[in-house]
Amino acid sequence: MSGTVLDGRRISQEIQQELRPRIEALRAKSRTPTLAVVLVGDNPASQIYVRNKIKTCQELGIRSLSATPPGSIASEELLDIIRNFNSDPEVDGILVQAPLPKQVDAEAAVLAVDPSKDADGFHPCNVGNLVANRLGPRPCTPAGIIEMLKRYAIRLAGKRAVVVGRSDIVGKPMALMLMHENATVTICHSRTENLAEECRRADLLVVAMGKPALITSNYIKPGAVVVDVGMNRITDESEARRLFSHDASRLAAFAKNGSTLVGDVEPFAMEELASAYTPVPGGVGPLTIAMLMANTVKLAEQHLCPGC
Ligand code: GUN
């Protein structure tokens with residue numbers, strides 16, 4: 001058996017196309033949606049993520065501003081950058097790319113973002129809105145996953161959903177969103193006993209642990225829907241051969257580039273056992289950007305017409 005591929009690239013394009021007329025309408029009213037991006041230091045992965053976010057803004061006609069202070073920045077200086085964006089009436093959304101360097105108070109940075117400009121939905125006010133199922137910007141990755149599952153008509157009500165990982169960015173908000181969709185939700189994490197047994201109960205398994213190919217066939221109920229949020233770059237050739245022995249094109253790409261991406265789920269296990277699954281890359285990643293754009297447009301609409 002080979003499951004349905006949940007095509008994040010296609011859904012991301014769909015979401016972006018639907019945003020275009022809303023962006024046009026805002027621009028026609030002289031309210032060009034504007035996203036301010038703060039990228040601290042020179043983390044290569046963060047640089048790629050931010051570049052892709054800015055590129056997508058450009059493609060859609062969303063204005064982007066960026067601040068790229070050095071990794072040595074002091075907390076107060078970073079807070080000043082955020083406060084400047086807060087007080088700029090043209091800025092609709094603010095994003096502070098994680099992770100931040102050790103000397104920076106990451107919690108203070110999240111708290112400094114004006115909740116009405118919180119493009120990531122990370123401010124405690126918006127976390128509270130999510131808990132209470134009230135309107136407000138939602139964290140992009142879990143919001144994108146829910147949007148994709150709905151567009152593939154995957155039923156969540158009454159289903160057993162298991163979320164592996166309890167981060168503020170993915171695991172926690174994912175569990176809350178699935179609960180609001182009436183799934184029966186279990187959250188697992190690094191201290192969970194019998195993780196395989198918990199996962200095997202899942203009709204929907206969402207994995208966001210950041211551990212390459214942690215989830216093997218022993219963790220997946222045949223016919224489950226599997227969403228793999230992991231994005232791990234592997235450079236070990238024997239590991240690549242083991243994980244992609246069934247995928248000649250991937251092995252060829254590894255031979256050419258010296259690395260490849262693998263999720264938190266063993267690819268062959270997921271492809272063989274799941275009724276539907278997100279590939280890595282091309283699954284969850286593109287959805288995160290689409291939802292960031294959607295959050296920015298929504299914030300701009302609210303700034304143009306508060307209470308609408
Ligand atoms: N780092 C990894 N994912 C994210 C995200 O969704 N938003 C921000 N700001 N940083 C991240």
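Counting convention: from 1, in listed order, for ligands and their atoms alike. By convention here, the first residue in the shown sequence is residue 1. FYI, side chains are in, hydrogens and waters are out, and symmetry mates aren't considered; it's all heavy atoms of this structure.
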Answer yes or no: is there a donor N or O on one side and an acceptor on the other, between the side chain of Q103 and the main chain of G71, under 3.5 Å?
yes
What are the distances between nitrogen or oxygen atoms of ligand 1 and protein nitrogen or oxygen atoms, counting only those under 3.5 Å?
{"from": "ligand 1", "atom 1": "1 (N)", "to": "Q97", "atom 2": "NE2", "distance (Å)": "3.3"}
{"from": "ligand 1", "atom 1": "1 (N)", "to": "A98", "atom 2": "O", "distance (Å)": "3.1"}
{"from": "ligand 1", "atom 1": "7 (N)", "to": "D120", "atom 2": "OD1", "distance (Å)": "3.2"}
{"from": "ligand 1", "atom 1": "7 (N)", "to": "D120", "atom 2": "OD2", "distance (Å)": "3.2"}
{"from": "ligand 1", "atom 1": "9 (N)", "to": "V96", "atom 2": "O", "distance (Å)": "2.9"}
{"from": "ligand 1", "atom 1": "9 (N)", "to": "D120", "atom 2": "OD2", "distance (Å)": "2.6"}
{"from": "ligand 1", "atom 1": "10 (N)", "to": "Q97", "atom 2": "NE2", "distance (Å)": "3.4"}
{"from": "ligand 1", "atom 1": "10 (N)", "to": "A98", "atom 2": "N", "distance (Å)": "3.0"}

Regarding R20 and Q17, do their side chains bring together a donor and an acceptor under 3.5 Å, going by distance alone?
yes
Side-chain donor-acceptor contact under 3.5 Å, D114 with S116:
yes
Under a plain distance cut-off of 3.5 Å, with no hydrogens placed, do S238 and D236 share a side-chain donor-acceptor pair?
yes
Between R63 (side chain only) and A36 (backbone N and O only), is there a donor and an acceptor less than 3.5 Å apart?
no
Under a 3.5 Å threshold, yes or no: a donor from one side chain and an acceptor from the other, between N126 and R138?
no
